[in-house]
Engineer: 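The structure is given below, and queries will be raised subsequently.
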Amino acid sequence: MDSFGPSDWMKKKSTIPLVYTRISDNQQSKEDKRQPDAKKKPALKQQKQRIEQGLKSNKLPPVKAENWFAEVRSGTDRDRAEWNKMIAKAQLLTTQGKRVFIAVQDPSRWARNTRHSMVMIDRLHDMGIPVFAVREGIQTGSVGDLHPTEELLFIQLQGGASFVSQEQKKKADLSVDIAKEEGIMSGKGQPLFPFARMDPLDAYYEQLPVISVPVKEGGGPTAFKRAVATMTAPNGPSESGMVRLMKQEQERRDKLTDSQYKEWRAYRDMIRNMLIELNHDPFANNTDAGPLNFKARALMRMVGRYLKEPWKYKPRPQEEIDEILLNFKDYLGTKDLKRYASIVGKR
């Protein structure tokens with residue numbers, strides 16, 4: 001029967017532990033994202049602290065600063081820079097006659113692709129380098145120091161993480177495909193500025209000739225942006241916001257035929273007028289958004305993709321729009337549903 005835990009040779013002072021810590025990008029907190037240096041990210045520092053505590057409780061040698069490898073990469077990626085760098089160092093130390101083991105917080109930190117994990121464990125095994133998961137207290141063993149039951153448990157736990165990762169990716173991909181097919185807008189989409197003093201696109205084309213006028217004569221791009229912002233103030237695009245509007249309008253002109261653009265413009269104007277009637281701008285930023293209107297928010301969520309990228313999506317027909325407005329709760333996003341529930345619950 002196997003005796004679980006680190007081997008006696010791993011406890012010798014001459015043994016060198018290499019520590020590997022990893023988080024995926026979507027596991028980063030706001031504090032993690034603010035810190036560009038992986039070794040200064042709170043989540044990775046906490047992983048290292050847990051590993052150090054595990055090494056100490058198992059009477060294993062402490063890890064030196066130069067033997068800590070940390071990165072923000074998906075565990076499904078086999079070409080992780082720090083992972084490869086750590087393995088290369090382990091192999092180099094072994095060829096120099098050193099005894100080495102790799103410590104991770106748990107099997108899921110090692111990898112999330114079972115095949116890649118087993119291939120690497122097999123390579124390290126033949127070089128006498130085990131991987132030790134401090135949380136579970138299990139190792140993969142090595143040549144001459146077999147730990148088959150522990151190694152199987154390590155791979156099973158890592159395989160479970162791999163399965164979860166694959167299922168999460170499938171669900172994420174499916175939800176993205178469905179959203180694209182249905183044309184649901186997950187972000188803010190295309191602002192229509194329903195409360196602007198003048199429709200920004202009307203002002204855009206009215207002032208467009210100003211761009212070709214020499215700057216010394218009061219024309220040019222800056223004068224153009226300032227003129228449109230002034231004509232649409234106070235609830236239109238700002239001068240800086242005009243940069244995005246100009247880019248988006250140019251992209252539509254480049255990718256749509258004249259008839260397609262006319263269809264888009266008519267549809268856009270219809271939706272904008274509906275927002276005016278509903279007296280709410282779902283995407284207002286520091287402007288008068290009007291009283292909260294969940295019909296307007298559901299409407300923009302369902303037509304936003306076409307308004308933003310009309311070369312990729314189709315406009316929703318009038319009967320669908322009528323259905324959205326009638327049963328708006330069925331078309332609200334998660335955040336708006338919570339807001340709606342909290343408002344209705346207070347009545």
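Values below: every heavy atom of this structure, side chains too, minus hydrogens, waters and symmetry copies.
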Engineer: Any link between Ile138 and Ile51 through a network of hydrophobic side chains (Ile, Leu, Val, Met, Phe, Trp, Tyr) touching at under 4.5 Å?
Structural biologist: no
Engineer: Crowded around Met118 CE? As in, over 12 foreign heavy atoms under 6.0 Å?
Structural biologist: no
Engineer: Report yes or no: do Phe193 and Val228 belong to one cluster of Ile/Leu/Val/Met/Phe/Trp/Tyr joined by side chain heavy-atom distances under 4.5 Å?
Structural biologist: no
Engineer: Hey, are Lys247 and Glu251 close enough for a salt bridge, meaning a charged N less than 4.0 Å from a carboxylate O?
Structural biologist: no
Engineer: Quick one: do the Gln105 and Arg50 side chains pair a donor with an acceptor below 3.5 Å?
Structural biologist: yes
Engineer: Of all residues at least two apart in sequence or in a different chain, which pass the side chain to side chain contact (heavy atoms under 4.5 Å, CB included) check with Glu319?
Structural biologist: Pro317
Engineer: Output the distance between atom CZ (Phe328) and atom CG (Leu299), rounded to the nearest 0.5 Å.
Structural biologist: 12.5 Å
Engineer: The criterion is side chain to side chain donor-acceptor pair (under 3.5 Å); which residues satisfy it with Arg252, sequence neighbours excluded?
Structural biologist: Gln190, Glu249
Engineer: Just how far is it from atom CD of Glu71 to atom NZ of Lys39, taken to the nearest 0.5 Å?
Structural biologist: 11.0 Å
Engineer: Running the 4.5 Å side-chain criterion over Ile, Leu, Val, Met, Phe, Trp and Tyr, what cluster does Ile23 land in, apart from itself?
Structural biologist: Leu44, Val72
Engineer: Working to the nearest 0.5 Å, report the span between CD of Gln248 and CE of Met246.
Structural biologist: 12.0 Å
Engineer: Taking only residues two or more places apart in sequence or in another chain, which ones pass side chain to side chain contact (heavy atoms under 4.5 Å, CB included) with Asp145?
Structural biologist: Ser7, Trp9, Gln139, Ser142, His147
Engineer: Phe101 pairs by side-chain contact (heavy atoms from CB on, under 4.5 Å) with which of Leu18, Leu60, Thr140?
Structural biologist: Leu60
Engineer: Can you tell me how far the CD1 atom of Ile129 sits from the CG atom of Leu93, to the nearest 0.5 Å?
Structural biologist: 8.0 Å
Engineer: Does Tyr313 form a side-chain contact (heavy atoms from CB on, under 4.5 Å) with Lys308? I'd like the steps, not just the answer.
Structural biologist: CA-CA 9 Å; Tyr313 304 97; Lys308 186 176 182 180; over 6 Å; no
Engineer: List the steps and the verdict of side-chain contact (heavy atoms from CB on, under 4.5 Å) for Val213 and Phe224.
Structural biologist: CA-CA 10 Å; Val213 175; Phe224 167 73; over 6 Å; no
Engineer: Which is it for Lys312 and Arg305 under the side-chain contact (heavy atoms from CB on, under 4.5 Å) test, yes or no, and what are the steps along the way?
Structural biologist: CA-CA 8 Å; Lys312 289 184 180 180; Arg305 283 195 180 276; over 6 Å; no
Engineer: Taking all non-hydrogen atoms of both residues, which atom of His280 and which atom of Phe195 are closest, and how far apart?
Structural biologist: N-CZ, 3.6 Å
Engineer: List for me each residue that meets side chain to side chain contact (heavy atoms under 4.5 Å, CB included) alongside Pro315, sequence neighbours excluded, and say none if there are none.
Structural biologist: Glu263, Tyr267, Tyr306
Engineer: For a 4.5 angstrom cut-off between non-hydrogen side-chain atoms, does Leu245 reach Pro200?
Structural biologist: yes
Engineer: Do Tyr340 and Phe294 have their ring centres less than 6.0 Å from each other?
Structural biologist: yes
Engineer: Going by heavy atoms in the side chains, are Pro237 and Thr232 under 4.5 Å from each other?
Structural biologist: yes
Engineer: For Arg73 and Trp83: C-alpha separation, side-chain torsions, deciding distance, then whether side-chain contact (heavy atoms from CB on, under 4.5 Å) applies.
Structural biologist: CA-CA 10 Å; Arg73 293 296 292 273; Trp83 195 59; over 6 Å; no
Engineer: Taking only residues two or more places apart in sequence, or in another chain, which ones meet Glu82 in a salt bridge (charged side-chain N to carboxylate O under 4.0 Å, His left out)?
Structural biologist: Lys85
Engineer: Quick check: is Val119 connected to Ile87 through a chain of hydrophobic side chains (ILVMFWY, heavy atoms under 4.5 Å apart)?
Structural biologist: no
Engineer: In this structure, would Phe69 and Met127 fall into the same cluster of hydrophobic residues linked by side-chain contacts under 4.5 Å?
Structural biologist: yes
Engineer: I need the Leu146 CG to Thr149 OG1 distance, nearest 0.5 Å.
Structural biologist: 10.5 Å
Engineer: Check whether any side-chain heavy atom of Met242 sits under 4.5 Å from a side-chain heavy atom of Arg226, and report yes or no.
Structural biologist: no
Engineer: Could you tell me the separation between the CD1 atom of Ile121 and the CD atom of Glu151, rounded to the nearest 0.5 Å?
Structural biologist: 6.0 Å
Engineer: Would you please test Glu277 and Asn273 for side chain to side chain donor-acceptor pair (under 3.5 Å) and show each step?
Structural biologist: CA-CA 6 Å; Glu277 290 177 9; Asn273 287 332; over 6 Å; no
Engineer: Could you tell me which residues satisfy side chain to side chain contact (heavy atoms under 4.5 Å, CB included) with Arg265, sequence neighbours excluded, listed by chain and number?
Structural biologist: Asp199, Leu201, Asp202, Tyr205, Tyr261, Arg268, Asp269
Engineer: Would you indicate whether Lys11, at its atom NZ, is surrounded by more than 12 heavy atoms from other residues, nucleotides or ligands within a distance under 6.0 Å?
Structural biologist: yes
Engineer: Minimum heavy-atom separation for Val210 and Gly218, please, with both atom names.
Structural biologist: CG1-O, 4.4 Å
Engineer: So, Glu52 and Lys48, do they make that salt bridge, N to O below 4.0 Å?
Structural biologist: yes
Engineer: Can you name the closest pair of heavy atoms from Pro282 and Ala296 and give their distance?
Structural biologist: CG-O, 3.6 Å
Engineer: Decide yes or no for Met274 and Leu325: does some side-chain heavy atom of the first lie under 4.5 Å from some side-chain heavy atom of the second?
Structural biologist: yes
Engineer: Among Ile, Leu, Val, Met, Phe, Trp and Tyr joined by side-chain contacts under 4.5 Å, find the other residues sharing a cluster with Leu152 and list them by chain and number.
Structural biologist: none
Engineer: Please name the pair of heavy atoms, one in Val215 and one in Gly220, separated by the smallest distance, quoted to 0.1 Å.
Structural biologist: CG2-CA, 4.3 Å
Engineer: Are there more than 12 heavy atoms of other residues, nucleotides or ligands under 6.0 Å from atom CG of Asp258?
Structural biologist: no
Engineer: Measuring only between side-chain heavy atoms, which start at C-beta, is Ser238 closer than 4.5 Å to Lys225?
Structural biologist: no
Engineer: Do Val131 and Val134 share a hydrophobic cluster, counting only Ile, Leu, Val, Met, Phe, Trp and Tyr and linking them when any side-chain heavy atoms are less than 4.5 Å apart?
Structural biologist: no
Engineer: Could you tell me which non-hydrogen atom of Pro61 sits nearest to which non-hydrogen atom of Leu55, and how far apart they are?
Structural biologist: O-CD1, 3.9 Å
Engineer: Could you tell me whether Arg197 atom CZ has more than 12 heavy atoms of other residues or ligands within 6.0 Å of it?
Structural biologist: yes
Engineer: Applying salt bridge (charged side-chain N to carboxylate O under 4.0 Å, His left out), can you list everything that pairs with Arg297, at least two apart in sequence or on another chain?
Structural biologist: Asp336
Engineer: Can you pull the side-chain hydrogen bond (donor to acceptor under 3.5 Å, both in side chains) pairs that have at least one residue in residues 60-70, sequence neighbours excluded?
Structural biologist: Thr21-Trp68, Asn67-Lys89
Engineer: Among Ile, Leu, Val, Met, Phe, Trp and Tyr joined by side-chain contacts under 4.5 Å, find the other residues sharing a cluster with Met198 and list them by chain and number.
Structural biologist: Met231
Engineer: Is it true that a side-chain atom of Gln47 and a backbone atom of Arg22 form a donor plus acceptor pair closer than 3.5 Å?
Structural biologist: yes
Engineer: Testing Lys40, Lys45, Lys41 one by one against Asp32 for a side-chain contact (heavy atoms from CB on, under 4.5 Å), which residue passes?
Structural biologist: Lys41
Engineer: Taking only residues two or more places apart in sequence, or in another chain, which ones meet Asp25 in a side chain to side chain donor-acceptor pair (under 3.5 Å)?
Structural biologist: Gln28
Engineer: Judged by modelled atom types alone, do Asp322 and Gln318 share a side-chain donor-acceptor pair under 3.5 Å?
Structural biologist: yes
Engineer: What are the two closest heavy atoms between Val63 and Pro17, and how far apart are they?
Structural biologist: CG2-O, 3.7 Å
Engineer: Under a 3.5 Å distance rule, please check whether Arg109 uses its side chain to pair with a backbone N or O of Asp106 as donor and acceptor.
Structural biologist: no
